[in-house]
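Values below: every heavy atom of this structure, side chains too, minus hydrogens, waters and symmetry copies.
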Amino acid sequence: MKHRMEFILQELDEKGSVRVSDLSKQLDCSEVTIRNDIQKLEDKGLLIRTHGGATKTGAQVSVNYQAGNLYKNADKKQLTLYF
C-alpha cells in the first residue's frame with residue numbers, strides 16, 4: 001500500500017494529474033484499490049480527488065467560456081416553476 005501511494009504522489013509531481021484507470025494498469029491492481037488510496041491521500045491533504053482521478057494540491061481548474069455561448073439557446077434554458 002505504501003508503495004502505491006508513493007507512486008501516485010510521484011506521478012502527480014511529474015504530471016500534475018493522474019487517472020484512476022491509468023494507475024490501475026500501471027500498478028496492476030483494481031480501480032477500487034486506487035480510489036481507496038486516493039481517498040486516503042486526500043484525507044491527509046496530499047492531493048485533490050477529481051472525477052476519475054486526482055490533481056496536485058494547489059492545482060487550479062479553470063473553465064473558459066466564450067461570451068457568445070453564455071446566451072446561446074437562452075430561451076430553452078429558462079427555469080420554469082410550477083405551483
With sequence neighbours excluded, tell me which residues meet salt bridge (charged side-chain N to carboxylate O under 4.0 Å, His left out) with Lys40.
none

State the [atom1]-[atom2] distance between [X] and [Y], to the nearest 0.5 angstrom.
X	Y	atom1	atom2	result
Leu9	Glu14	CG	CD	11.5 Å
Gln10	Lys15	CD	NZ	10.0 Å
Asp28	Leu23	CG	CG	13.0 Å
Lys56	Asp13	NZ	CG	5.0 Å

Considering all heavy atoms of both residues, which atom of [X] and which atom of [Y] are nearest to each other, and what is their separation?
X	Y	value
Ile34	Cys29	CD1-SG, 3.5 Å
Ile38	Leu47	O-CD1, 3.6 Å
Glu11	Val18	CB-CG1, 3.6 Å

Examine distances only and state if a side-chain atom of Thr55 and a backbone atom of Ser17 form a donor-acceptor pair shorter than 3.5 Å.
no

Run the side chain to side chain contact (heavy atoms under 4.5 Å, CB included) test against Lys25 and tell me which residues pass, sequence neighbours left out.
none

Restricting to side chain to side chain contact (heavy atoms under 4.5 Å, CB included), what partner residues turn up for Glu6, sequence neighbours left out?
Lys2

Can you pull out every side chain to side chain donor-acceptor pair (under 3.5 Å) where at least one residue sits in residues 30-39? Sequence neighbours excluded, please.
Arg4-Asp37, Ser30-Thr33, Glu31-Arg35, Gln39-Asp43, Gln39-Arg49

